[in-house]
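Report on the following structure.
Reminder, nothing fancy here: chain letters follow the sequence lines and each chain counts from 1.
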2 protein chains.
Amino acid sequence: MSSRLEKARQDPGSMKAKILASARKIFGEYGYNDTTTRMIAKDVGIDISTLYYHWGEKQDLYEAVVIEIGEEIQDQLNDIERKVSGRSLTTRLEIALDMMCDYLFAHPEVSNLFLFGYFNKTRHGVALDNKMSEYIANIAVAMDLAQNKKKVSIQAKARILAVWNTVLNFISGESFFRPMLATSHVNYMKVVKETLKFILVPAFTSEKEKLKIE
Amino acid sequence: MSSRLEKARQDPGSMKAKILASARKIFGEYGYNDTTTRMIAKDVGIDISTLYYHWGEKQDLYEAVVIEIGEEIQDQLNDIERKVSGRSLTTRLEIALDMMCDYLFAHPEVSNLFLFGYFNKTRHGVALDNKMSEYIANIAVAMDLAQNKKKVSIQAKARILAVWNTVLNFISGESFFRPMLATSHVNYMKVVKETLKFILVPAFTSEKEKLKIE
DNA sequence: ACTTTTTTCCATCAATTGATGGAAACACAT
DNA sequence: ATGTGTTTCCATCAATTGATGGAAAAAAGT
């Protein structure tokens, strides 16, 4: 299935790639179980047997989507790490939150698929679990919560998870939260960024001082 | 359907009530679409037509579950408000987080159903949306983020949402997060509480000082 | 003991869904 | 043009699922 994904990447105009793109969109909107192969096929404009011809089982197609997104996240984290290196902790946090928000708001299916993966009891092949631990370790080091990728305390991990989730929730929950806030999409993005900084920056910057004591 | 719920409440030993209890469990575990009426019936130990005899459509049963949980949350918030009144902001936050965590860890299906409701594009009748705005306004006042229930700023609302989501995520995501933290259930609960306080208390207590300036 | 009402289960339906076989349509080299 | 391999679609299957009709069983009323 990894080779299938590679082929789709090699030729973005190929039917394989088109199907993958639609699959990503639909899976991201409805989750694995609520997405039917017919929905994806209709979105591409093909018969479902054509979809099966190119991708085989529904599961394989889903896994390809998950893998693709996993790599995208990794790229994004690398980008962020490059941009924030050398800055102060507060600035690092602010830039990281801004960049992550921009990316996720532009690709809302990503946060949806993450959250679907978290809370679904019924597992569908490869989840994002695998890479998750790695991401967390990297972020912990980048945010000065750990000196060594190998040795990240449980507290540090939990804090990263809290941050990560808070971001994902605001993106995925927009259709639910925005009516409550009675505001536009553009202003919602602004408020989300503000709120994230408001909540997260104090915690981690005052922790910096606590660390000196320890 | 409200009268149906009332009947179930009147006699907790009734078949109606047993079905409701099982429905709450199963819906909370798998979400609306991934729960079949057969799963619930099997959990109760009855035939599915018995279930339909008592509750009618699947949707009605689901709505009854949502209503029940909504009322439970309201009670819980009232409890909290009673206990924290008069305390300092920091203490209020700490007590509120502790109590909410205790309740949600004891009833994990509650946070699951909340999150399912947030992110599902396919709506299933009554969601928890309605009460949500009310809850937020109440919490905002209780946490000194607003003077008046009627006038809660968009920033205040967003902050409450962030806190609320962070809590829900840790509860619902336990099966996903705990392996990453490689710890026991009991210790997970402890770490979650610590993490929530770590992240949330500084944000809101330093805001308190900012407010004096404004 | 008898009706009458309520409750439970068996059998079944129609719609949806993941998946496949096989025929047609297409592409392309010779 | 002919043959070969690829791609696409139509028809269909088996399993699942929400839902119902009707008969049996249980409870309640007289």
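Residue B:I26 contributes atom CD1, which lies 13 Å from atom P of D:dG18 at whole-angstrom precision. Regarding B:K16, its NZ atom lies at a distance of 11 Å from the C1' atom of C:dT6, rounded to whole Å. Atoms CH2 (A:W55) and P (D:dT8) sit 14 Å apart, rounded to a whole Å. Distance OH (B:Y30) to P (D:dT16): 16 Å, rounded to an integer number of Å. In this structure, B:Q59 atom CD and D:dA19 atom C1' are separated by 14 Å, rounded to whole Å. Following rounding to the nearest Å, B:E57 (CD) and D:dT17 (P) show an atom-to-atom distance of 18 Å. Protein atom CG of B:L61 is 11 Å distant from nucleotide atom P of D:dG18, rounded to whole Å. What separates CG of A:D34 from P of C:dT16 is a distance of 15 Å, to the nearest Å.
Distances shorter than 4.0 Å separate none of the side-chain N or O atoms of B:H54 from OP1 or OP2 on C:dT6. Dashed line: the shortest gap from a side-chain N or O of B:T37 to OP1 or OP2 of D:dG18 is under 4.0 Å. In this model, the phosphate group of C:dA19 is approached by a side-chain N or O of A:Y52 to a distance below 4.0 Å at OP1 or OP2.
Using a 4.0 Å heavy-atom distance criterion, B:I48 is classed as a base contact. Across all strands shown, B:S49 has heavy atoms under 4.0 Å from base atoms, whether or not it also approaches the sugar-phosphate.
Considering A:Q76, A:H107, A:K193 as possible partners of A:D102, the one that fulfils the side chain to side chain donor-acceptor pair (under 3.5 Å) test is A:K193.
Nearest to the side-chain atoms of A:Y53 among the listed nucleotides D:dC9, D:dT8, C:dT17 stands D:dT8. Each of C:dT17, C:dC9, D:dG18 was ranked by its minimum atom distance to the side chain of B:K58; first place goes to D:dG18.
The residue among B:M39 and A:G45 whose nearest nucleotide of DNA chain D lies closer to the 5′ end is A:G45. If you find the closest nucleotide of DNA chain C to B:M15 and to B:R38, the one lying nearer the 5' end belongs to B:M15.
Looking only at atom types and distance, the side chain of A:N138 has no donor-acceptor partner in the side chain of A:E134 under 3.5 Å away.
Taking the six-membered ring where the residue is Trp, the centroids of B:W164 and B:Y135 are separated by 6.0 Å or more. In this structure, B:Y118 has its ring center under 6.0 Å from that of A:F177.
Side chain of A:K149 to main chain of A:A137: no donor-acceptor pair is present (N/O by atom type, distance under 3.5 Å, no hydrogens or angles).
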